[in-house]
Amino acid sequence: MRKHIVAGNWKMNTTVPEGVELAKAVVAKSAEVPSDVELIIATPFTHLYPVNEVVKGTRVALSAENCADKAKGAYTGEVSVDMLKSTGCEYTILGHSERRQYYGETDEKLVEKTKLALAAGLKVILCVGENLEEREAGKHFDVCNAQTVNVLKNFSAEDMKNVVIAYEPVWAIGTGKTATSEQAEEIHAYIRKVLADMFGAGVADDVTILYGGSCKPSNAKELFAQPDIDGGLIGGAALKAEDFIGIALSF
Ligand code: PGA
């Protein structure tokens with residue numbers, strides 16, 4: 001059976017002291033959440049080590065928001081998977097639309113990053129999703145198909161045990177415009193079919209597929225009730241412990 005996951009993506013928000021306080025508040029409230037829901041917080045690189053001091057030994061797992069596409073060496077400003085691992089972090093988000101849009105993240109780079117992350121023992125939350133123009137042109141299935149296949153064709157069924165997919169329609173991120181549960185379910189079911197064609201139905205059935213894009217306590221229940229939506233990747237609402245936990249209580 002696939003896992004239910006609610007993951008907070010803090011993006012470039014909070015100072016280190018603020019992040020530590022937010023993590024403490026999430027841990028304090030986490031007992032309210034049923035134990036079959038995995039809670040993850042993804043923080044800026046600077047926060048990983050101190051936030052790990054707060055979450056280690058609790059049910060809250062730690063994630064990075066990105067990693068380098070090289071293992072080590074003269075790559076000024078980059079952060080390697082071994083560095084991430086050494087902070088205590090268990091996951092990294094990869095391919096977030098903000099990285100694709102603003103920092104030239106390509107599928108080719110994502111293949112390298114995913115290889116390095118999995119080899120280092122990090123689990124990957126791979127983001128896919130169409131922008132508004134692509135949705136309006138009816139290309140959303142093709143875009144999600146290409147982003148999924150271009151990266152995951154380089155990996156095995158065994159690797160997929162450590163990969164979570166997040167479907168995040170770009171037009172719904174931070175805009176307050178959530179995809180309807182029908183729109184989201186349609187793509188989730190489609191991505192699962194793509195995975196079934198690649199790895200077999202058994203593997204596809206076990207992959208957790210998260211929805212992301214203006215998910216909040218008031219709409220999470222309806223989204224999470226869909227058969228192929230296994231949780232959420234939460235941006236804005238993850239910056240308030242109460243809202244983040246409220247979302248996790250929506251299964
Ligand atoms: P949002 O962001 O919840 O603020 O829309 C989601 C994400 O980008 O992961």
Side-chain angles (χ1 to χ4, degrees), residues 4-14 18-19 22-23 26 37-45 47-48 51 60-67 89-105 110 113 117 123-132 134-135 140 143-144 147-148 151 163-181 183-185 187-188 191 208-224 226 229-251:
H4 285 161
I5 296 177
V6 174
N9 174 14
W10 291 3
K11 308 191 180 184
M12 197 173 73
N13 291 298
T14 75
E18 287 165 354
L22 177 55
V26 169
V37 180
E38 182 171 355
L39 297 172
I40 304 172
I41 51 183
T43 80
F45 292 138
H47 299 39
L48 289 169
V51 167
V60 179
L62 186 61
S63 177
E65 300 176 8
N66 183 30
C67 70
C89 128
E90 277 179 61
Y91 284 87
T92 184
I93 296 174
L94 289 177
H96 192 281
S97 62
E98 288 150 14
R99 297 220 52 90
R100 293 181 191 259
Q101 199 179 340
Y102 307 132
Y103 300 100
E105 191 91 294
L110 289 171
K113 292 183 178 195
K123 291 178 235 174
V124 169
I125 302 172
L126 177 68
C127 303
V128 302
E130 80 286 356
N131 62 31
L132 186 60
E134 291 161 341
R135 161 115 348 214
H140 39 300
V143 170
C144 292
Q147 290 178 346
T148 304
V151 177
V163 176
V164 170
I165 295 181
Y167 167 58
E168 300 203 302
V170 179
W171 46 273
I173 296 178
T175 57
K177 230 198 229 178
T178 323
T180 64
S181 50
Q183 285 173 322
E185 169 59 21
I187 298 282
H188 280 237
I191 293 171
T208 296
I209 307 180
L210 307 177
Y211 168 78
S214 301
C215 188
K216 39 189 183 267
S218 59
N219 59 27
K221 213 176 192 75
E222 200 190 326
L223 288 159
F224 296 175
Q226 303 301 314
I229 301 182
D230 309 314
L233 181 56
I234 318 300
L239 296 172
K240 278 202 191 128
E242 201 175 305
D243 288 351
F244 180 63
I245 295 297
I247 292 170
L249 289 170
S250 302
F251 285 101

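Ligands are counted one by one from 1 in listed order, and the atoms in each one are counted from 1 as well. Since we're looking at a predicted model, the values are computed, not measured.
Under a 4.0 angstrom heavy-atom cut-off, Ala237 registers as lying outside contact with ligand 1. For the ligand labelled ligand 1, residue Ala166 lies outside the 4.0 Å heavy-atom shell. Residue contacts with ligand 1 leave out Lys216, since none of its heavy atoms falls under 4.0 Å from the ligand. Heavy atoms of Gly213 come nearer than 4.0 angstrom to ligand 1 in at least one pair.
Near His96, the atoms of ligand 1 lying under 4.0 angstrom from a non-hydrogen atom of the residue are 7 (C), 8 (O), 9 (O).
A salt bridge does not link Arg99 to Glu65: none of the charged nitrogens lies less than 4.0 Å from a carboxylate oxygen.
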Go through His96 and Ile93 one step at a time and tell me if the side chain to side chain contact (heavy atoms under 4.5 Å, CB included) criterion holds.
CA-CA 7 Å; His96 192 281; Ile93 296 174; 4.3 Å; yes
Please step through side chain to side chain contact (heavy atoms under 4.5 Å, CB included) for the pair Ile187 and Tyr211, ending with a clear verdict.
CA-CA 10 Å; Ile187 298 282; Tyr211 168 78; over 6 Å; no
Would you please test Val143 and Glu134 for side chain to side chain contact (heavy atoms under 4.5 Å, CB included) and show each step?
CA-CA 8 Å; Val143 170; Glu134 291 161 341; 3.6 Å; yes
If you apply the rule side chain to side chain contact (heavy atoms under 4.5 Å, CB included), what do you find for Glu98 with Glu105, and how did you get there?
CA-CA 9 Å; Glu98 288 150 14; Glu105 191 91 294; over 6 Å; no
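From the protein, the heavy atom lying nearest to atom 9 (O) of ligand 1 is Glu168 OE2, 2.6 Å. Nearest protein neighbour of atom 3 (O) of ligand 1, counting heavy atoms only, is Gly235 N, 2.9 Å. Atom 2 (O) of ligand 1 has as its closest protein heavy atom Lys11 NZ, 3.2 Å. Ranking protein heavy atoms by distance to atom 4 (O) of ligand 1, first place goes to Gly236 N, 2.8 Å.
Within a 6.0 Å radius of CD in Gln183, other residues, nucleotides and ligands contribute more than 12 heavy atoms. No more than 12 heavy atoms of other residues, nucleotides or ligands shown are found within 6.0 angstrom of NZ on Lys240.
Contacts between Ile173 and ligand 1 below 4.0 angstrom, taking non-hydrogen atoms only, involve backbone and side chain alike. With a heavy-atom cut-off of 4.0 Å, Ala172 touches ligand 1 through its backbone alone.
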